[in-house]
Peer 1: 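Starting off with a structure, shown below.
Excluded from the calculations below are hydrogen atoms, water molecules and symmetry mates; all remaining heavy atoms, backbone and side chain alike, are included. Throughout, a chain's letter reflects where its sequence line sits, starting with A, and its residues are numbered from 1.
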Amino acid sequence: MQMSGSVWAAQDTTPAQIETGLRDLLRERHARSEAYVPARVLNLVVVADREWRGEIQNRLDQVGRYHASRTILCCVEPGQDTIDAWATAEGERASSPTDVSILHEQVVLDIGSKHLEHLETIVDPLVVTDLPTLVWSPHGHPEAVDAMLDLAQIVLIDSVHEPDPAGALRRAQQLSERAYVVDLAWLRSTPWRERVAFAFDPMQWRGELWKISSVTVKHRPDSRAAGLLFLGWLAKRLGWEPGSMLSQNGALHGIAHARRQDVKLRLEPDETINAPGLAGVAIETASGLSASLDRGSGGLTARRRLRDGLEREWTVMGASRGEAGILGEGIRQAMLRDKTYGPALSAAQAMLG
Amino acid sequence: MATAPSKAEESEQENPLAEGLERLPVHPTILTIFGATGDLAKRKLLPALYNLAHEGALPERFNLIGVSRGELSDEEFRAQAKESIEEFSRRKVDPKVLSALLDGARYVTGSFDDGTVYDRLDAATKELDDEAGIVYNRAYYLSTAPSFFPVIVGQLGAHGLDHKQGSEVRVVIEKPIGTNLSEARHLNSAVLDVLDEDQVFRIDHYLGKETVQNVMAFRFANGLFEPIWNRNFIDYVQITAAEDIGIGSRAGYYDTSGALRDLVQNHMLQLLTLLCMEPPVSFSAHAVRDEKVKVLHAIDPPTPEQVSRIAVPARYDSGVVAGEEVKGYLEEDDVPEDSSTETYAALRLRVDNWRWAGVPIYLRAGKRLARKVTEIAVTLKPVPHLAFQHEGSVGVQPNQIVLTMQPNEGVSISIGAKIPGTRMRIRPVNMQFLYGTAFMSESPEAYERLIMDAMRGDATLFTRDDEVEAQWTIIDPIVQAWGSQSGPIATYAAGSGGPGEADALLEPGHSWRAI
């Protein structure tokens with residue numbers, strides 16, 4: 001075991017020793033300056049393949065102000081028998097001499113596959129008691145997530161990164177029964193959901209919500225789950241009963257039954273966009289109106305076509321959040337509760353039959 | 001799950017897509033800034049608009065029009081605005097978003113009392129309506145000298161820009177709302193001759209600060225504090241707004257204002273009302289502001305004879321701040337030699353109602369004090385009986401609850417704890433909660449919140465006409481008494497905790513907290 005500056009490290013160690021090391025680190029920091037105050041917001045437990053440790057740490061570094069207060073990064077190497085650990089406590093730079101410096105702790109564990117089935121017994125002593133715990137396992141390892149469900153209240157997933165959208169949504173549903181799920185695929189659709197809601201907010205457009213006759217959603221080819229969640233959201237919010245969607249030429253087609261008419265649903269992969277998530281949304285109504293949103297410069301390009309055929313186009317402003325921004329948003333959402341995700345998820349599953 | 005409504009209900013139903021969204025829809029809006037090339041617009045308003053655009057928080061359709069006296073083309077105004085945003089935005093500027101915000105921005109040049117300005121403004125807004133095929137809401141932001149407020153509102157009325165069929169017209173007015181009660185009444189009257197109160201949004205940017213809004217959360221979202229929030233448990237309250245800086249280059253404004261008008265009449269009375277108000281029945285604009293006004297009405301304005309007993313003005317003299325010698329107020333650039341303006345004001349007020357009767361509420365605000373701090377300190381009454389020996393220790397002190405607005409926003413509670421050892425000796429210790437350790441989100445700038453609220457029509461964080469007048473009713477007698485004083489004003493050394501004369505306001509057993 002060694003402690004150098006603000007790093008504690010040990011090989012073939014135990015959770016109890018790591019916890020003691022962390023306490024020593026914090027005590028040492030506080031002794032150095034009382035201006036260091038530990039953040040107390042959220043425990044984040046990440047389970048990742050060891051070969052991707054650098055990439056994951058990089059992503060976590062880029063979430064900016066949405067750092068968890070204590071991050072426990074479990075790096076999995078299949079043949080590893082022991083637990084090796086590094087712990088750090090880093091302070092944010094204070095903006096003035098009278099400001100406090102907020103400390104974030106990070107523990108990196110090198111563990112083996114054999115540790116995953118009872119991961120909670122390793123992590124439990126390391127989380128800050130009474131803070132919510134969020135678990136994120138970007139490289140699979142479902143057994144580790146399952147093991148953590150008695151300890152973690154929130155699970156972060158990204159349905160977009162699962163190869164099989166149906167399996168991804170099923171897994172999200174299973175997890176939702178035991179924890180609060182934050183799905184990055186859902187968060188990728190947030191700007192689209194907001195702007196569709198805004199488009200139909202003016203009173204002269206509000207009534208058109210009940211006349212929607214078709215919805216087409218374009219998405220990056222790997223992001224079908226995000227598209228399904230978007231359609232599921234619309235269906236639940238507007239009281240539609242969605243039927244199963246069928247595959248045709250790479251796209252999915254389906255019908256949802258609304259009170260007045262059926263609504264044609266279409267999910268189209270779009271090869272031209274780089275970022276995961278949605279590429280465009282087009283909505284038509286039975287009275288001949290149409291509204292669409294597409295990715296554009298400085299935000300989304302909005303188009304409206306009225307009954308007389310007159311078409312208008314403008315930019316709905318907003319900066320791209322990037323992948324780091326999405327992850328940061330996922331961590332932030334862990335502290336909130338979105339009651340519209342669950343119903344959207346159910347409807348999305350129904351569309352896949 | 002939303003169920004499909006009947007045809008008759010359709011147009012009136014709430015937007016079912018808005019449920020669960022963090023950002024609620026705001027009607028398409030044209031924001032016109034009067035004084036668009038001024039300092040406030042450059043440093044605060046335009047950067048705030050950019051940050052809202054960056055976050056995707058502006059209305060789905062949004063247009064900006066600048067009005068000012070400087071002769072500028074649309075392109076020149078856009079270039080100026082771009083420069084201001086790049087310099088003062090709190091986040092790194094995305095050039096694409098900035099272009100999207102400013103590419104359609106327009107500029108109307110002219111004097112605010114020139115009727116043709118409003119004709120051109122009317123034409124510009126109608127053109128934007130026509131281009132979009134909708135009727136935009138209008139928000140007029142008066143970022144001008146206060147003397148122009150009635151002029152601009154009058155001209156808006158005279159040109160029929162105060163109301164618009166099918167849209168909402170709102171006017172945002174910056175502080176100060178008058179420099180005394182008479183001016184405030186005159187201004188309110190001039191504004192309300194043209195507009196309805198619901199259309200008027202009087203800014204006190206303090207209310208846009210998260211930490212100020214947290215006073216309400218602290219009081220009304222916790223069962224722990226409200227039961228003791230009354231005269232039975234609270235001995236006294238101190239509200240402090242101390243700055244370590246001097247007046248800088250603001251002598252022109254500050255010397256006509258002083259600490260009382262600059263901070264006490266608006267910001268500090270806002271803090272007082274939030275601290276003392278009864279729980280509102282809802283957090284609607286009317287309910288919250290009704291309760292705040294009741295508090296102000298419960299404070300008896302002092303008579304001229306009482307002023308010297310409840311209020312102390314003072315001015316900073318030269319001194320040492322952070323190891324550096326600094327000038328006194330009278331030596332500052334552009335301050336008149338014979339100035340009698342106060343840079344420090346301390347008051348003792350009473351809220352004469354069932355909850356607060358008999359509890360002194362001390363306010364103090366000043367420049368060039370020992371450090372920058374804004375806080376509310378609530379001191380509880382001492383425990384009725386002490387069973388402990390406490391020789392050899394500080395002893396048991398009354399508990400104090402301190403709400404800090406800046407810096408290090410948070411709440412601390414002092415409690416008595418046993419000093420380790422064989423004897424039962426007590427000293428005060430602090431339980432401290434810092435917002436920065438418990439929330440990941442960065443607080444938005446106050447102006448971002450307030451601009452959005454004004455466009456949305458939510459007036460909760462704005463000052464109502466009767467609220468402004470009630471504030472001035474309390475402050476006006478003090479302004480008048482100090483204005484007619486002929487003797488020298490008390491002084492304090494720059495970098496100190498303020499004048500010793502302020503101690504005279506304290507009741508026996510009370511003391512000022514160290515700054």
Peer 1: What part of B:Leu21 gets closer than 4.5 Å to chain A, counting heavy atoms only: side chain, backbone, both or neither?
Peer 2: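 B:Leu21 touches chain A through side-chain heavy atoms alone.
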Peer 1: Indicate yes or no: at least one non-hydrogen side-chain atom of A:Leu209 is less than 4.5 angstrom from one of B:Pro16.
Peer 2: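 They are in side-chain contact.
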Peer 1: Looking at A:Arg237 and B:Leu17, would you say the former's side chain and the latter's main chain have a donor-acceptor pair under 3.5 Å?
Peer 2: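 Not confirmed, A:Arg237 side chain does not pair with B:Leu17 backbone.
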Peer 1: Out of B:Leu101, B:Leu98, B:Leu58, which one racks up the most heavy-atom pairs below 4.5 Å with chain A?
Peer 2: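 Winner by heavy-atom pair count: B:Leu101.
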Peer 1: Which atoms of B:Leu24 come close to chain A, meaning under 4.5 Å heavy atom to heavy atom: side chain ones, backbone ones, both, or neither?
Peer 2: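 Contact with chain A is through the backbone of B:Leu24 alone.
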Peer 1: State, to 0.1 Å, how close B:Arg23 and A:Phe198 come at their nearest heavy-atom pair, and which atoms those are.
Peer 2: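 That closest heavy-atom pairing would be O-CE1, 3.7 Å.
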Peer 1: Chain B heavy atoms under 4.5 Å from A:Ala347: which part of the residue, side chain, backbone, both or neither?
Peer 2: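 Neither part.
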Peer 1: Flag the one option from B:Ala100, B:Ala18, B:Gly104, B:Gly166 with the top tally of heavy-atom pairs under 4.5 Å to chain A.
Peer 2: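 Of the options given, most contacts go to B:Ala100.
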Peer 1: At a heavy-atom separation under 4.5 Å, does A:Arg304 approach chain B through its side chain, its backbone, both, or neither?
Peer 2: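 For A:Arg304, side-chain heavy atoms alone lie under 4.5 Å from chain B.
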Peer 1: Is the shortest heavy-atom distance from the side chain of B:Glu22 to the side chain of A:Thr190 under 4.5 Å?
Peer 2: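 The answer is no; the side chains never approach within 4.5 Å.
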Peer 1: For residues B:Gln432 and A:Val37, determine if any side-chain heavy atom of one lies less than 4.5 Å from a side-chain heavy atom of the other.
Peer 2: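 No; the side chains remain at least 4.5 Å from each other.
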Peer 1: Do the non-hydrogen side-chain atoms of A:Arg206 and B:Asn15 ever get within less than 4.5 Å of each other?
Peer 2: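 When only atoms from C-beta onward are counted, B:Asn15 and A:Arg206 do touch, with a gap below 4.5 Å.
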Peer 1: Got a donor-acceptor contact below 3.5 angstrom from the A:Arg195 side chain to the B:Glu60 backbone?
Peer 2: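 Side chain of A:Arg195 to backbone of B:Glu60: no pair is present.
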Peer 1: Please look at A:Asp201 and chain B and tell me whether the side chain, the backbone, both or neither of the residue comes under 4.5 angstrom of a heavy atom of that chain.
Peer 2: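 Both backbone and side chain.
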Peer 1: If you check every heavy atom in residues 292-301 of chain A against those of chain B, which residues fall under 4.5 Å?
Peer 2: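 The list, in residue order, reads A:Ser297, A:Gly298.
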Peer 1: Against chain B, label A:Leu131 side chain, backbone, both or neither, depending on which of its atoms sit under 4.5 Å from a heavy atom there.
Peer 2: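 Contact with chain B involves no heavy atom of A:Leu131 at all.
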